[in-house]
Every structure is written in structure tokens, then in C-alpha cells.
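Okay, so here's the structure we're looking at.
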Amino acid sequence: MSPGLTAPRGTADVLPEQAAIRLRVEQTARELLEAAGYGRIETPAFEATEVFTRGVGAATDIVEKEMYSFDDGGGRSLTLRPEGTAPVCRAYVEHGMHKLPAPVKLYYLESFFRAERPQAGRYRQFWQVGAEALGSEDPALDAELIVLLHQLLTRLGASDLHLRLSSLGTPAARSEYRDELIDYLRANSDRLSETVRDRIERNPLRAFDADDPSTGAVMEQAPRLLDRLPANDLEHFAEVRRLLDSAGVAYEIDTTLVRGLDYYTRTVFEFTSDELAAGQSTVGAGGRYDGLVELLGGPPTPGAGWAAGVERIILASPAEAEPPPAPDLYVAHDGSRPAAFNLALDARAAGLRAQLELAGRSLKGQFKHAERLNARFVAVVDDETVTLRDRSAGSERVVAHGDVVAAVKQALEA
RNA sequence: GUGGGCGUAGCUCAGCUGGUAGAGCUCCGGGUUGUGGUCCCGGCGGUCGCGGGUUCGAAUCCCGUCGCUCACCCCA
């Protein structure tokens, strides 16, 4: 590796072979989401920092330590987007989309930036495909979103998927529950493991995941958020589950499921894959965020959505790189460059995949290259005629310059 | 931010009891060949991550540093 310039930590070049795999993810997402009425939205790569401090939550890890923020030179703080939901909601408000028939269904396929230590499946610049639907609190919207994500992951071949599902209620209910849980943990802190004890205030819900047996015993008796939700939230959640049941999407209720962003309300869900490393097995996740639009200065507007990591989808899928499409025609020459040049252009104009010798190879080298590319036909051009070889048939014949394209097309259609 | 592993040609690596760098693959050329695929020959390509130390001499030992990677935290 040369000691000079390399891609910054946590970023990666996507070379053609990988790009082909990503293209498949993008095409599948696009077909699936557009068929469900989602329209593509692209927002700027950076936003006013406030979009995230207000939208995502000032006390979240993302805002506290993972944002790439910079001064724009005029005293304003801008931030490379670390996630997609807040910017989409900002755009929704800015363009008065609440006047549009609800729900407004949007999807995006963009890169995001977080200043974390990279590891398998986690990068500083990463791509997410996401869907957001604004203006409706119908549980069918939640269910449809979950089904869409499930279909996307399944179609792309993500293996060993698990759907975890829960409901968080309103922010007020959640915050009340959180206080209750903290009190409970404090009261039993002598039986908790050190790591759990250390993060009682920071992230009490993580206590449910602890491996330590003593902690586990404490947590079995701990209050559960689902038991604290008001009736209308429980009914909403029940309806989401009914729809998922009828759609045949398997899930597991996980009362300890919390998303790392403040804006979630009611339904939250997460797809994990056993294919991924333990620490970051989440392939896609999302939920409802009924207060977010208002938080960003818009009218009270319910909403729900999800995002899935493109790199993680690929890691979770037994993705095999497909070879690039083979040329129909490879134009070789031994000095008749203008004739060869024009033949390649004519062939492309006629709709053929055609490549031309561009590296000054010997004639033998050109044949080797045509072999490597797996070109169906090789045309050896000289000033008078063209020798056209059909590699699949092993035959060749001499034709006039002007007849090559027609001959190739005719053979391909046969 | 914390901890482990690793850093020799474009790629995969050997060289690890110190003596100024090798192989395979790839790529290019030549020969053979049905103007290609096999086989043979040759060639291009390396500040041994970087800096310092020990030594007559270090890719090889010691220290530092940077980078990559995996994990923790947390997340897509």
C-alpha cells in the first residue's frame, strides 16, 4: 500500500464489482417502494445542525459524539447528515407537504455520516435506503412499512432475519416509565453488574440485555414499558400486530427494544440478521415518530418510517458478484486504427455492446483480451476487409467493412 | 474514547535463530497455436507502513508512531 493518500478512515471506495451488487439493492428498493406509492426524495448532504439537535435529540449518542459539524464561514453550524428522517421531515415542513393528501410517502437512497470507530458493518460514510410516510397514524401504515422492509430484505436475499417489535407509547409515557425503571434499578443496584450499574442513568433499558445472572434475576421483576402504555396506544399496537399476523410476517415482541433516537413514539421495530457480527446485527430499523414534524416547526403531524443499511444488507446476503456484461463485439486491428475506431462507434450506434483495442496491444494480446472480456465476436480490421470471428461457434469469415454490424446483429438474433 | 490482531510487489503470501528481498496469481511481450483459450521463455512491478535505537550490518531485535482490522459503547 502506498503511504500517500488513502480513503479516510471509515470510508471505502466502491469498485465496479461491488458497485454492481449495490446497484441491485438500489433497483430492488426502487421497484418495491415505487410500486407502493413512495416517491423518491433527495435532501442535501448537510443540514443546519439544529435539524439534528432538535430532531434526533440533544442527548443521543449521534448528536453528542458522532456528528460531523462545521462552520459554514458565516457563523452558522452545519452538519453532515447522520440520519435521514429529520431531514425528510424538515423538507416536508419547508415545502408545505402537509397540504398534500395523506399520507405523503417518500423514500431515499443516500449516504450518511457518523464519526464512529469503524468496524464490520459500520462505516463513517454509509448508505441507507429509507422510507417515510407522513400525515397518518393509521396502524395499517406501520404494518405496511414493516412488510415493505421485510419484502425488501427478503428479495435481496438477506438470511437469518429476525423481526423484533415493540411499542414505546408517547414520549411522556416513555419518560415516566424510564424514571420508574431508574428508581427500580437504583433500589436493586447492589445486585446489578458493574457495567449495568454504571449506565443506570444513561441507558437503563440496556439492563434488560445483560448476561449477568444476578442482573437477569433483578430484571425479571422489573417493570415493563408495555405494561405502562395507555389503552389507545395498546390498541394501536395490537392492530399493527394483527395486520402483520394476517400478512404472515413473523415477529417477536421485545419489550426492551429501544431505538437510539428520541423521536420515536408507539411502534418501533428492528430487523436483525444472524449473518452479521454480534455488535451490529441490525440490518434495518424504524418506527413511528408522531411528534417529529411539530418539533421541527411544522403542524402536528404523525409519521412513521424505516431505514436499512445498504452495506449491512449486502453483508447479510450471500451476494455474489456478477461478471460485467460481455461485449457483443471486440474490434481488433493491426494498424488500421481509423477503420477500427469507426467500426466500434458504428456498432454501438446500432445498439451493440462494442469495445475497441485501446491499449496498444499486439494482435495476440488483443485476442487474449477479447477472450478475457468474453466477447462474442472479434472483428480484425485491416484497410481492405474485416475478418469476423464468432467465438461461440468457432467460425470466421471475411466481410466488407460496411457489413460487419449487420452480420453481428443477424447472428445475435438467430 | 478503550482493548486485541495485523502492516513485505496491484492481489494472496514466503522470508520469523539479523548479512542490503522472493514465489504464485494478474498485467505486457516473444515462441507454440486454428490470428484466442493450453504449454514454454522473458519483462514491468517493492521507500519491507513511517521514525528512532541496538549492531560492522535489520524486512528480521527494541521503542515510538501512523494505518488497517476486530471487539466494547452505540447504531443502519
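Numbered from 1 within each chain, the chains take letters A, B, ... in sequence-line order. If you're wondering where the values come from, they're calculated on a predicted model, not measured in any experiment. As a basis for the values below, the full set of heavy atoms in this structure was taken, side chains included, without hydrogen atoms, waters or symmetry mates.
- No hydrogens or angles were tested; on distance alone, nothing pairs the side chain of A/Arg361 with the base of B/C27 as donor and acceptor under 3.5 Å.
- For the pair A/Arg124 CZ and B/G1 C1', the interatomic distance rounds to 11 Å; values are reported in whole Å.
- Per the stacking criterion (ring centres < 5.5 Å, plane angle < 30°), A/Phe126 stacks onto the base of B/A76.
- Atom pair A/Leu363:CG and B/G29:P shows a separation of 10 Å (rounding to whole Å applied).
- The interatomic distance linking A/Glu371 (CD) with B/G36 (P) rounds to 11 Å, in whole Å.
- Set against B/A76, B/C70, B/U35, the side chain of A/Phe367 has B/U35 as its closest nucleotide.
- Using a 4.0 Å heavy-atom cutoff across all strands shown, A/Gln366 reaches no nucleic acid atom at all.
- Note on ring orientation: taking the six-membered ring where Trp is involved, the planes of A/Tyr264 and A/Tyr289 are perpendicular (angle over 60°, cut-offs 30° and 60°).
- Residues forming a salt bridge (charged side-chain N to carboxylate O under 4.0 Å, His left out) with A/Glu180 (at least two apart in sequence, or on another chain): A/Arg228.
- Rounded to a whole angstrom, the distance from the C1' atom of B/A59 to that of B/C6 is 15 Å.
- Residues meeting the side chain to side chain contact (heavy atoms under 4.5 Å, CB included) test with A/Glu26, sequence neighbours left out: A/Arg22, A/Leu23, A/Leu109.
- Between the CZ atom of A/Arg372 and the P atom of B/G37 there is a distance of 11 Å, given to the nearest Å.
- A salt bridge links A/Glu371 with A/Arg391: the distance from a Lys NZ or Arg NE/NH1/NH2 to an Asp or Glu carboxylate oxygen falls below 4.0 Å.
- The side chain of A/Glu66 approaches B/C74 more closely than any other nucleotide in the set B/C74, B/C73, B/U2.
- Nucleotides B/C25 and B/C16 are separated by 23 Å at their P atoms, to the nearest Å.
- Of the candidates B/U35, B/A76, B/G67, the closest approach to any side-chain atom of A/Arg9 belongs to B/G67.
- Going from the C1' atom of B/G22 to that of B/C48 covers 12 Å, rounded to whole Å.
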